[in-house]
2 protein chains.
Amino acid sequence: MTVVPLRILRGECLEVLDQTLLPGEERHLALRDVAALCEAVASLRVRGAPLLGIVGAAGMAIAAERGDASDGALRAAYERIAATRPTAVELASIARLGLEAALAAGQSPAMRRAALWAFVEGHLARRMAEDLDLATRGASLLPQGCAVLTHCNTGALATGGIGTALGVIQLAWQQGKLERCYATETRPLLQGARLTMWELAKLGIPGTLLPDTAAASLIASGRVQAVITGADRIARNGDTANKVGTYGLAAVAARHGVPFYIAAPVTTIDPSCPDGAAIPIEFRPPEEVGGFGGVRWSPPHVAAYNPAFDVTPAGLISAIVTEQGVLRPPYASAIAALTGQR
Amino acid sequence: MTVVPLRILRGECLEVLDQTLLPGEERHLALRDVAALCEAVASLRVRGAPLLGIVGAAGMAIAAERGDASDGALRAAYERIAATRPTAVELASIARLGLEAALAAGQSPAMRRAALWAFVEGHLARRMAEDLDLATRGASLLPQGCAVLTHCNTGALATGGIGTALGVIQLAWQQGKLERCYATETRPLLQGARLTMWELAKLGIPGTLLPDTAAASLIASGRVQAVITGADRIARNGDTANKVGTYGLAAVAARHGVPFYIAAPVTTIDPSCPDGAAIPIEFRPPEEVGGFGGVRWSPPHVAAYNPAFDVTPAGLISAIVTEQGVLRPPYASAIAALTGQR
């Protein structure tokens, strides 16, 4: 089965799968105005950096469809969408590209609406193609009959295509190379347990869940032939920020000679960022630690250390897989060649 | 405040703190017969290897107090207690020492009862003294003004004394050397979040909770000057089995030059075990992964990889702190000297 986290219904609405209800319930929401779309983003019903880019662009199309499509109305819609989750860069940046496409289409509201729907459909199509290119390059790195370990959720629920790291895993499965995917729970928000395990089941891929604490034991046991994760930001020396917990997996994989791969689109590379120390790390509320979903298991009001990301040094990364090519160490020169920076 | 996980009421009962209700409720149970005692053990109301040793011995005293204290009755009580949790070695081994003390006390039921109560009180006193000796040796390794990271629960709730790793931390705090204790949640059973954070609050020690995924980030950040955990079994080359997740902490600590200490009584060393590969690892039910306490966050019936322990290679351990001395690498000779084996 295919995982479809959203559908663009041109001229009408954006339909999204409410990810907060997964894996218990599959409910689709029709987002018919900007208010509903912003609520869905703010409540994390739809999440994942690349997916939010599509949502941002769709929000502009919906605003033009419902409103007057004037310069002022479109700019106001853009500001409202961009402010919904300030740390989700693609939400704003792709919405802005949509705004620019609309303004460039002339003064006619009908033409602006057509340009916006065309933009969001084109953007989704490009994302899907990029995921496929990335998956093809990534799957070629995996040996026949392998099992892999992944972290967090990097599948269709995050990107709208087949995903990044989970896209590689899905393609390797379809190619008959992959026997099993191990997934960490990924505390504190449990995206691995909730979303990755759900996607694996949907796709018919044999999946095994593990507590984050068991990952080092799993790698040491020889059960996995690769570890593969996504990335949130890659510095120009190859240091990579990703969901907290990634660095520990990479450190243990290196000790056992298990390759550790990053799978991420080229847009994840930030050539303005010299190294991992320059990547800002978001700290999240202490309430996420010591409990989940209304259940608390720690004493109340405990202090918590709760960074959203950690940084994996370039030296622990066997390869960075992008839709444009597989980067190998030394990353500084590989990244400079890819991004045209020096 | 002091954490008191059990009290021996001579001639009467064993009073235990019901650990399954922590941290939400502090309820003490009076265990007045062997059936109640076995139920408390089987339901994990009382847990922790050294603490179960005390419970096993107390169970023998209670059996003699309630029953006829004949050879047959005492042997039957021993068999029943030992069978309650077959993997908890001290439960059976200390109950057996109690049985032997009773049989050696002659035929008089009164003398046997007196011998059993004396044995369990003496055993508890020895445990408390050993914890204090261990803590004194361990605290001497910590620098002034330090913060440390620990894993799982190794405090009074586990040993009946002041604990092993958490005993070291408590003493360092009392000596004014320690500023903060960081504790992992310790999935899947969350002993760090539930029990260690509760003990730290009781003792007035500043504590910070973190998801297991954030431990590598914490160590890399320079916030902790040592990592210290307990141990379940130590092979004669120093390889150490402990709560799953320990190995990953040790691997990351080594990368950052942060000392990694094991704190465990000498009885944890198994001279018959040559190395970590020879330590059997218990795998626990898949239901523990993907949920907690009646809440499930993974899809139903997922496969899980759920080992209770992992093995930290001796090469990653800066020192093994016991009540009889601090062992340093190479551990094979240090352990042989301590245990009198070669």
Side-chain angles (χ1 to χ4, degrees), chain A residues 22-24 151 180 182 184-188 190 192-194 197-198 200-201 206-218 220-221 223 243-252 255 281 286 288-300 302-307 309-311, chain B residues 22-24 151 180 182 184-188 190 192-194 197-198 200-201 206-218 220-221 223 243-252 255 281 286 288-300 302-307 309-311:
Chain A
L22 294 176
H151 187 56
R180 179 164 295 273
Y182 289 87
T184 59
E185 288 190 309
T186 320
R187 279 288 294 158
L190 298 161
R194 292 188 298 116
M197 290 304 292
W198 180 81
L200 290 171
T208 296
L209 183 63
L210 55 141
D212 296 292
T213 47
S217 157
L218 180 82
S221 78
R223 283 175 173 82
K243 177 67 42 172
V244 69
T246 303
Y247 168 42
L249 302 181
V252 174
R255 282 182 53 86
I281 301 295
E288 289 179 357
V289 192
F292 183 79
V295 176
R296 292 217 69 75
W297 46 72
S298 74
V302 297
Y305 175 79
N306 189 24
F309 310 109
D310 62 21
V311 174
Chain B
L22 293 177
H151 187 56
R180 181 164 293 275
Y182 289 88
T184 59
E185 288 190 307
T186 320
R187 281 285 295 154
L190 297 161
R194 293 189 296 117
M197 289 305 293
W198 181 83
L200 290 172
T208 296
L209 183 62
L210 55 142
D212 296 293
T213 48
S217 157
L218 180 82
S221 78
R223 284 175 172 82
K243 177 68 41 174
V244 69
T246 303
Y247 167 42
L249 302 181
V252 174
R255 281 183 53 85
I281 301 295
E288 289 179 356
V289 192
F292 182 79
V295 177
R296 290 217 70 75
W297 47 71
S298 75
V302 297
Y305 175 77
N306 189 24
F309 310 108
D310 63 21
V311 175

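Values in this document were obtained by computation on a predicted structure and should not be read as measured data. So you know, we letter chains A, B, ... as the sequences are listed, proteins then strands, and number each from 1.
Taking Thr246(A), Leu210(A), Asp310(A), Val311(A) one by one and counting their heavy-atom pairs under 4.5 Å with chain B, the maximum is reached by Leu210(A). Contact count versus chain A (heavy atoms, under 4.5 Å) is highest, among Arg187(B), Arg223(B), Glu288(B), for Arg187(B). With chain A as the partner, the residue from Leu200(B), Leu190(B), Val252(B), Val302(B) showing the most heavy-atom pairs under 4.5 Å is Leu190(B). Of the listed residues (Thr213(B), Leu22(B), Thr208(B), Thr186(B)), the one with the most heavy-atom contacts under 4.5 Å to chain A is Thr213(B). Heavy-atom pairs under 4.5 Å with chain A peak, among Gly192(B), Pro188(B), Gly24(B), Pro286(B), at Pro188(B). Top candidate by heavy-atom pairs under 4.5 Å with chain B, chosen from Leu209(A), Asp212(A), Asn306(A), is Leu209(A).
For Leu218(A), the parts lying under 4.5 angstrom from a heavy atom of chain B are both the backbone and the side chain. Contacts of Thr184(B) with chain A are absent, with no heavy-atom separation under 4.5 Å from either backbone or side chain. Heavy-atom distances place both the backbone and the side chain of Arg194(B) under 4.5 Å from chain A. Contact of Arg296(A) with chain B is not made at all, since no heavy-atom distance falls under 4.5 Å. Using a 4.5 Å cut-off between heavy atoms, Pro299(A) touches chain B through backbone and side chain atoms alike. Both the backbone and the side chain of Ala304(A) come within less than 4.5 Å of a heavy atom of chain B.
Of all heavy-atom pairs spanning Ala251(B) and Arg255(A), the tightest one is CB-CD, 3.7 Å. When all heavy atoms are compared, the tightest approach of Ala214(B) to Pro307(A) is CB-CD, 3.9 Å.
Side-chain atoms of Phe292(A) and Trp297(B), non-hydrogen and from C-beta on, do get closer than 4.5 Å to each other. The side-chain heavy atoms of Val289(B) and Pro211(A), taken from C-beta on, include a pair separated by under 4.5 Å.
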